[in-house]
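Below you'll find the structure, written out as C-alpha cells, and then a few comments.
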2 protein chains.
Amino acid sequence: MTAAGDGGTADDTVAGVVRQWRMIRPDLDTAPMEVIGRINRCAALLQHAEDAPLRRAELTRPEFDLLGTLRRTGHELTPGELARETFSSGAAVTKRLKLLVERGWVDRRSDTRDRRVTRVRLTASGRELIDSVMPDQLRYETAVLSGLPDGDQRQVAALLAELLVQLEGRLGLPRA
Amino acid sequence: MTAAGDGGTADDTVAGVVRQWRMIRPDLDTAPMEVIGRINRCAALLQHAEDAPLRRAELTRPEFDLLGTLRRTGHELTPGELARETFSSGAAVTKRLKLLVERGWVDRRSDTRDRRVTRVRLTASGRELIDSVMPDQLRYETAVLSGLPDGDQRQVAALLAELLVQLEGRLGLPRA
DNA sequence: TACAAGTGTTTTACCTGGAAAACAAAACTT
DNA sequence: AAGTTTTGTTTTCCAGGTAAAACACTTGTA
C-alpha cells in the first residue's frame, strides 16, 4: 500500500469525527464508526458523483438499475421480481415503470396464465439505451475510483464482499 | 484472511450481478461495479440495520447525527455549520431542529451580533440522551460488523479512508 | 363446491429532503 | 450615506419513496 503515507497525512472527514469522539468520550470504541461511517460517506459521495452520465441520458439511478436488471437477466420480469432484484418496494417499482413505459424504454403486459401478474421487458430502444449508457457509466465510475490503485480496489472489493456476505446472511436477505 | 474461503463459496449479491453482466456484455470492465455496487449495497443494508437502538430512542439517523455533532464539537453551532458537518441542506436541518427543539433536546436562540444567525446547542436532556444512545448504537454496530474479523475491519476502514480522501478531494468537498 | 387464506400489483396517504424562493440582515461599493 | 451585493435562515413547492390499503386473482381447505 504505497498510498498509505498519503492517507496518513490527509485525513478524511470520518477520521476527524472519530478524533473528536475520542476526545469527548475516550471510553467509547470507535471502530464500528470507522467502518460504517466511511461506507455511508463513500456511498453518499458516489451517489452524487454518478449523476453525470445518467443525467445526460435523463435517467435516475433507480431507473438505470431497473433497465440494467432487465438487460442483465435477459428475460421478462414481474414487478415483484424487479422489486426484489433492486431492493425496492413494489410501489416504487410501479411508479418507475410507469415513467419508463411512457418513455418507450419498457413495456408491460398481463400474464396470460395468472391475471394478477404483469410481465415487463425492455423495448428495442430501451435495450439500445442501456447498452449505450452502461459503458459510459462504468467509464465514469472507473475515473471516479482512479485515485485508488487497482490493487487497493480489488482488495476493498474483496473485503466488502465478505462484509456483504455477513450482512446479507445476518439480515436474512436473499443472495444470488 | 482466514474468512476468504467462506467468501469464495458464498457469494454476495453484487457477485451475482457482476457474473450476469460478464455473460451478457463480456466487453465491459466490471471492476468499478464491484467496488461501488458493494459500497452502495452495504450502505443500504446498514441503513436498515442501524434502526433498532435509534428506534428505541425514537430518533432517526439524521436526528442522531445532529445531536452527535453538537456533542462531539462541544459547542454551539449555527444551522449552516450543522448542515455542512452533516452534509445536509439548510432546509433539512431547519426542519430537523424544529423537531428536536420540540422534544426539548436542543435549543436555539438568535445571535446577538448578527441577527441572521441562529445558535444551536444541546439541552441537558439532549446531552443525556446522546450520551446514553451513542454507546448503545456503537455496541449495536459492533455486533453488526462482528462477522468480519477485526483485522479485516481495520483494513477495510483504512482502504475506505483512502478512497474517501480521493473522493473528497476530487469532488471538492471539505475535509476535516 | 363454497368459502377462507394467500398472493401480486396498483393506488392512496403521508412523510422527508432538496431546490428555489422569500425575507432580513450584513457587507461591500461608489 | 445610499444603493448593491452577499449571506444566513426559513418557508414553500415538488418529487420520490414507503407503508398500508385496496382490489382482483389464485390457491388451499373443509
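So that the names make sense, note that chain A is the first sequence line, chain B the second, and so on, each numbered from 1.
- The residue A92(B) sits close only to the backbone: its heavy atoms come under 4.0 Å of sugar-phosphate atoms, none of a base.
- Nucleotide dT9(D) holds its P atom 10 Å from the CG atom of L97(B), rounded to whole Å.
- Among the heavy atoms of the strands lying under 4.0 Å from G90(B) is at least one base atom, whether or not backbone atoms are also near.
- Using a 3.5 Å distance cut-off with no hydrogens or angles, the side chains of S132(A) and E128(A) do not pair a donor with an acceptor.
- Among the atoms of the strands shown, none is found under 4.0 Å from any heavy atom of T60(B).
- Between R109(B) atom CZ and dG8(D) atom C1' there is a gap of 18 Å when expressed in whole angstrom units.
- Ion pair D150(B)/R154(B) not flagged as a salt bridge, since none of the NZ, NE, NH1 or NH2 atoms sits closer than 4.0 Å to an Asp/Glu carboxylate oxygen.
- In this model, a donor atom of one side chain and an acceptor atom of the other lie less than 3.5 Å apart for E141(B) and Q137(B).
- At whole-Å resolution of the value, CZ in R84(B) and P in dG8(D) are 7 Å apart.
- Rounding to whole angstrom units, NZ of residue K98(A) and P of dT9(C) are separated by 18 Å.
- An OP1 or OP2 oxygen of dT10(C) is reached within less than 4.0 angstrom by a side-chain nitrogen or oxygen of T118(A).
- What separates CG of L100(A) from P of dT10(C) is a distance of 13 Å, to the nearest Å.
- Note: CG (L99(B)) to P (dT11(D)) measures 13 Å, nearest angstrom.
- One interatomic measurement links the two molecules: CZ of R61(B) to C1' of dG17(D), which rounds to 20 Å at whole-angstrom precision.
- Of the candidate nucleotides dT10(C), dG8(C), dG8(D), dG8(D) has the atom lying nearest to any side-chain atom of V117(B).
- The K95(B) side chain lies nearest to dC13(D) when the options are dC13(D), dT9(C), dA25(C).
- At a threshold of 4.0 Å, the pair R38(A)-D12(A) counts as salt-bridged, since one of the basic side-chain nitrogens sits closer than that to a carboxylate oxygen.
- Between R96(A) and R115(A), it is R96(A) whose nearest contact on DNA chain D lies nearer the 5' terminus.
- A straight line from CD of E63(B) to P of dC15(C) spans 14 Å, rounded to a whole angstrom.
- Residue contacts shown for R113(A) are limited to sugar-phosphate atoms, with no base heavy atom under 4.0 Å away.
- Side-chain to base pairing of R116(A) with dT7(C): one donor and one acceptor N or O lie within less than 3.5 Å of each other.
- Within 4.0 Å of S88(A), counting heavy atoms only, lies no atom of the nucleic acid at all.
- Other residues, nucleotides and ligands contribute at most 12 non-hydrogen atoms within 6.0 Å of the CD atom of E58(B).
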